[in-house]
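Here's a structure for you.
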Amino acid sequence: MPRSPLRGRSYVSVNDLSIDEFRLVLETAADVKRRQQQGEVSRRFEGKTLGLVFQKPSLRTRVSFEVAMNQEGGRGLYLSPAEVGLGEREAVDDVALVLSRYVDAIAARVFGHNLVVDLAKHASVPVINALSDWEHPCQALADLQTIRERKGRLAGLKLSFIGDGNNVAASLALACAKTGMHFDCASPAGYELPPALLDQCKCDAKKTGSVIRQVRDTKDAAKGCDAFYGDVWASMGQEREREKRLCDFKGYTIDRALLAIANPDALVLHCLPAHYGEEIQRDVTRIPESAIWDQAENRLHAQKALLLLLLGF
Ligand code: CP
Ligand code: NVA
């Protein structure tokens, strides 16, 4: 088998992958999942360690990375904010240089996106963005894997993100542009996707035919929608803005009324954790069209696939 074209690379942004490379990760993720479901066991990460440098809390990202490493015979080494003090106790480039002498890859969850950019710049091992204030590229991989499983394709479908034009929305917009999916982000004034991010989508969207739109009206986004997506109104690090955001986002809730406007069988997606009664009603997360638990599971398969490719398998 040819060596992975992603060997030694980092994944800081969805845009670190070309259209073909993004498809390769999705196909590998589907293969990884199929093999696991068939009971296949492999130990490709034997002797390998993934360093997990986290500045923020996590359930899914930490557990899925650690389990992915364990299942392939390797290990994840979790380093809490108090232990590393990224950019505070120790300079980011020093952390990157030191960790590169111990571990085979680094997954970093940070506040400022530049921290993970700098880690990748100075590390001699692959660095994966495990969420920054600008992107959540691992989440987007699992999300598109989930939509493809449920709908059998991606190109030509419309994904509608309702709420804050945040890190999760940003990675989804880039991922949709790579796969020919249409993407609407419906947000109140002042909470739109950054124009620079929309610009980053243009080149791929032109090639794949995907239409990426920032809209105001949730009904506009719901028309022709094949999958809804929700995320919290106040992300980690924005806790002090929570009260203001609760007012500003009124009406930007995924509920049955919004689903009624969409295409029949439109999926319901959420990266979790969810704030029920705010960005999404709990009842729509428990219907057959909800793919939320598949999304969470697919974090494991998508990240295992990503690690396999970055580590050269
Ligand atoms: N969706 C997601 O990244 O969840 P965690 O914050 O729990 O890792
Ligand atoms: N936008 C959210 C995603 C959590 C997985 C945050 O950054 O807190």
Side-chain angles (χ1 to χ4, degrees), residues 11-14 29 50-69 76 78-81 106-116 128-147 159 161-175 185-188 190-194 197 227-242 245-246 248-249 252-254 268-276 278-280 285 290-304 306-307:
Y11 182 57
V12 172
S13 162
V14 168
L50 171 70
L52 294 148
V53 183
F54 276 42
Q55 288 189 321
K56 301 176 181 178
S58 171
L59 172 66
R60 281 145 291 272
T61 309
R62 177 184 172 179
V63 175
S64 55
F65 268 122
E66 288 202 23
V67 172
M69 290 303 293
Y78 177 76
L79 298 158
S80 72
I106 299 166
R109 169 165 284 202
V110 297
F111 285 100
H113 184 72
N114 278 341
L115 285 177
V116 65
I128 299 169
N129 180 357
L131 181 148
S132 68
D133 59 1
W134 183 257
E135 269 201 61
H136 195 0
C138 293
Q139 182 70 53
L141 284 173
D143 297 339
L144 267 60
Q145 181 183 0
T146 306
I147 298 170
L159 176 62
F161 185 99
I162 309 295
D164 190 17
N166 62 15
N167 45 5
V168 171
S171 287
L172 283 172
L174 293 170
C185 181
S187 321
Y191 297 100
E192 299 91 348
L193 281 166
L197 189 285
F228 286 100
Y229 201 110
D231 185 17
V232 291
W233 291 339
S235 287
M236 291 179 277
Q238 297 172 334
E239 290 79 6
R240 273 180 307 179
E241 296 173 31
R242 187 172 148 72
R245 283 172 176 258
L246 282 178
D248 292 349
F249 282 93
Y252 285 82
T253 301
I254 300 173
V268 175
L269 303 170
H270 195 300
C271 55
L272 302 174
H275 286 172
Y276 295 127
E278 294 179 18
E279 77 275 3
I280 196 161
T285 66
S290 165
I292 289 175
W293 320 114
D294 295 343
Q295 275 178 278
E297 177 187 336
N298 285 340
R299 297 293 305 276
L300 171 66
H301 307 300
Q303 287 156 207
K304 195 189 282 179
L306 181 68
L307 285 164

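In listed order, ligands and their atoms are each counted from 1. This is a predicted model, so every value here is computed, not measured. Throughout, residue positions are numbered sequentially from 1 according to the sequence presented.
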**Study point:** Nitrogen or oxygen atoms of Cys271 and ligand 1 under 3.5 Å apart
**Key:** yes

Check your understanding: What part of Gln139, side chain, backbone, both or neither, has a heavy atom within less than 4.0 angstrom of ligand 1?
Key -> side chain

**Study point:** Proximal ligand 1 atoms for Thr61, defined as those under 4.0 Å from one of its heavy atoms
**Key:** 2 (C), 3 (O), 5 (P), 8 (O)

Practice item. Among all protein heavy atoms, pick out the one at the shortest distance from atom 6 (O) of ligand 1; state its residue, atom name and that distance to 0.1 Å. Key: Arg109 NH1, 2.8 Å

Review point. Going by heavy atoms, is His136 under 4.0 Å from ligand 1?
Key: yes

Review point. Considering only protein heavy atoms, which is closest to atom 4 (C) of ligand 2, and at what distance to one decimal place?
Key: Leu131 CD1, 3.9 Å

Review point. Counting both backbone and side chain atoms, is some N or O of Asp231 under 3.5 Å from an N or O of ligand 2?
Key: yes

Point to revise | Any N/O pair Ser235/ligand 2 closer than 3.5 Å | key: yes

Review point. Are the side chain of Arg109 and the backbone N or O of Leu131 linked by a donor-acceptor pair below 3.5 Å?
Key: no

Exercise for review: Do me a favour and list the nearest non-hydrogen protein atom to atom 4 (O) of ligand 1 with residue, atom name and distance?
Suggested key: Arg60 NE, 2.8 Å

Revision key, fill the gap. Between the OG1 atom in Thr61 and the CD1 atom in Ile128, the distance rounded to the nearest 0.5 Å is 11.5 Å

Review point. Any N or O of Arg62 that comes nearer than 3.5 Å to an N or O of ligand 1?
Key: no

Exercise for review: Please work out whether the ring planes of Tyr191 and Phe249 are parallel, tilted or perpendicular, with thresholds of 30° and 60°.
Suggested key: tilted

Check your understanding: Does the side chain of Cys138 come within less than 4.5 Å of Leu306's, by heavy atoms?
Key -> yes

**Study point:** Side-chain heavy atoms of Val116 within contact of Glu135, under 4.5 Å
**Key:** no

Point to revise | Of the listed options Leu272, Thr61, Asn167, closest to atom 5 (C) of ligand 2 (non-hydrogen atoms) | key: Leu272

Exercise for review: Could you tell me whether some N/O pair between Leu272 and ligand 1 is separated by less than 3.5 angstrom?
Suggested key: yes

Exercise for review: Specify the protein heavy atom at minimum distance from atom 7 (O) of ligand 1: its residue, its atom name, and the distance to 0.1 Å.
Suggested key: Leu59 N, 2.6 Å

Check your understanding: Does Gln139 reach the main-chain N or O of Val168 with its side chain, forming a donor-acceptor pair under 3.5 Å?
Key -> no

Check your understanding: Between Asp133 and His113, is there a donor-acceptor pair closer than 3.5 Å when you use the side chain of the first and the backbone of the second?
Key -> yes

Practice item. Looking only at non-hydrogen atoms, find the nearest pair between Tyr11 and Leu141 and report the distance. Key: OH-CG, 3.6 Å

Exercise for review: Using a 4.5 Å cut-off on heavy atoms from C-beta on, say whether the side chain of Ile292 contacts that of Gln295.
Suggested key: yes

Check your understanding: Would you call the rings of Phe54 and Tyr78 parallel, tilted or perpendicular if under 30° counts as parallel and over 60° as perpendicular?
Key -> perpendicular

Check your understanding: Please state which protein non-hydrogen atom is closest to atom 2 (C) of ligand 1 and give its distance, to 0.1 Å?
Key -> Arg299 NH1, 3.4 Å

Practice item. May I ask you to check if ligand 2 and Met236 share an N or O to N or O distance below 3.5 Å? Key: yes

